[in-house]
Visitor: 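Sharing a structure here in structure tokens format.
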Amino acid sequence: MQTIIETVQPYVSTVATAILGVLTAIVIAGLNTIKVKANEWINARTTESQRVLLHKLAEEGFSLAKTVFKEADGPKKLQQALSYVTRQLQQRGIYLTDIEIQGAIEKAYLDYKAKQKPISMEDAAIADAAAEVSTEEAARAAAKEAMNGLAAKINELFAQATTEVTPSAQVQAAPEPTPMEPGLTPASAE
């Protein structure tokens, strides 16, 4: 019995070592997968937070250029806003292209312009009435187009129906009755 154990022991330890190696490889692969996913999540969150910061700084840059550089023309104001936002981002270790920064500043400008258009009640009523009229006209035009389409389909169906029925179709005459023998009734002839 002792010799059997001594003979089998190298095989058992080899199998155990192989199983441990496979388990270790699986654990390492799982940890690498988790690491990659975590890095992707952190990068996505950082980019999102950087975008939020960019838009806030773009609003600040636009406001600064609008108030401090009142006499400057549009391109000079834009250049001042660009330099302000770029400096602020670089201080935080964020480096973006001028196009990305300019896009954020332009968005801040458009948002500002959208908020600045006060609409009087009269203007709002006129706009609503115009929208309602254009909606009614569009509905009428759509209904007219639908009716024209329906009329065309009906005309097409009538044309097909009249061409399929031809006056040259012959009607078969009823079969002539066969003469019966005297004494037979129609019921007994069958």
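A quick note: this is a predicted structure, and the numbers were derived from the prediction, not measured. Position 1 is the first residue of the sequence; numbering continues from there.
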Visitor: Once rounded to the nearest 0.5 Å, what's the spacing between atom CG of L54 and atom CD of E59?
Guide: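 Nearest 0.5 Å value for the CG-CD distance: 10.0 Å.
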
Visitor: Could you list the residues that satisfy side chain to side chain contact (heavy atoms under 4.5 Å, CB included) with K56, not counting sequence neighbours?
Guide: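 K56: side chain to side chain contact (heavy atoms under 4.5 Å, CB included) contacts with V52.
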
Visitor: What's the shortest heavy-atom distance between T14 and P10, and which atoms?
Guide: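 Heavy atoms only, the tightest pair is OG1-O, 2.7 Å.
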
Visitor: Which other residues belong to the hydrophobic cluster containing L23, where Ile, Leu, Val, Met, Phe, Trp and Tyr are joined when side-chain heavy atoms lie under 4.5 Å apart, directly or via other members?
Guide: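 L23 shares its hydrophobic cluster with V15, I19.
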
Visitor: Pair up each side-chain donor or acceptor in residues 98-105 with any protein partner under 3.5 Å, not counting sequence neighbours, and list the distances.
Guide:
unit_1, atom_1, unit_2, atom_2, d
E100, OE1, T97, N, 3.0
E100, OE1, T97, OG1, 3.3
E100, OE2, R51, NH2, 3.1

Visitor: For E6, look at atom CD and say whether over 12 heavy atoms of other residues, nucleotides or ligands are found less than 6.0 Å away.
Guide: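 For E6, atom CD is crowded (more than 12 foreign heavy atoms under 6.0 Å).
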
Visitor: Looking at K107 and D111, does any basic side-chain N land under 4.0 Å from a carboxylate oxygen?
Guide: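 Counted as a salt bridge, because a side-chain N and a carboxylate O are separated by less than 4.0 Å.
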
Visitor: Hey, can you pull the donor-acceptor pairs under 3.5 Å for the side chains in residues 74-88, sequence neighbours left out?
Guide:
unit_1, atom_1, unit_2, atom_2, d
S83, OG, Q79, O, 3.4
S83, OG, Q80, O, 2.9
Y84, OH, E60, OE1, 2.7
T86, OG1, L82, O, 2.7
Q88, OE1, R92, NH1, 3.1

Visitor: Should side-chain heavy atoms under 4.5 Å link Ile, Leu, Val, Met, Phe, Trp and Tyr, which residues sit in the same cluster as V12?
Guide: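 Traced through the cluster, V12 reaches I4, V8.
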
Visitor: Residues sharing L31's hydrophobic cluster, by side-chain heavy-atom contacts under 4.5 Å among ILVMFWY, directly or via others?
Guide: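 Once heavy-atom contacts under 4.5 Å are chained together, L31 belongs with V27.
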
Visitor: Could you state whether L96 and L53 fall into the same hydrophobic cluster, counting links through intermediate Ile, Leu, Val, Met, Phe, Trp or Tyr residues with side-chain heavy atoms under 4.5 angstrom apart?
Guide: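 Yes: a chain of side-chain contacts under 4.5 Å links L96 to L53.
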
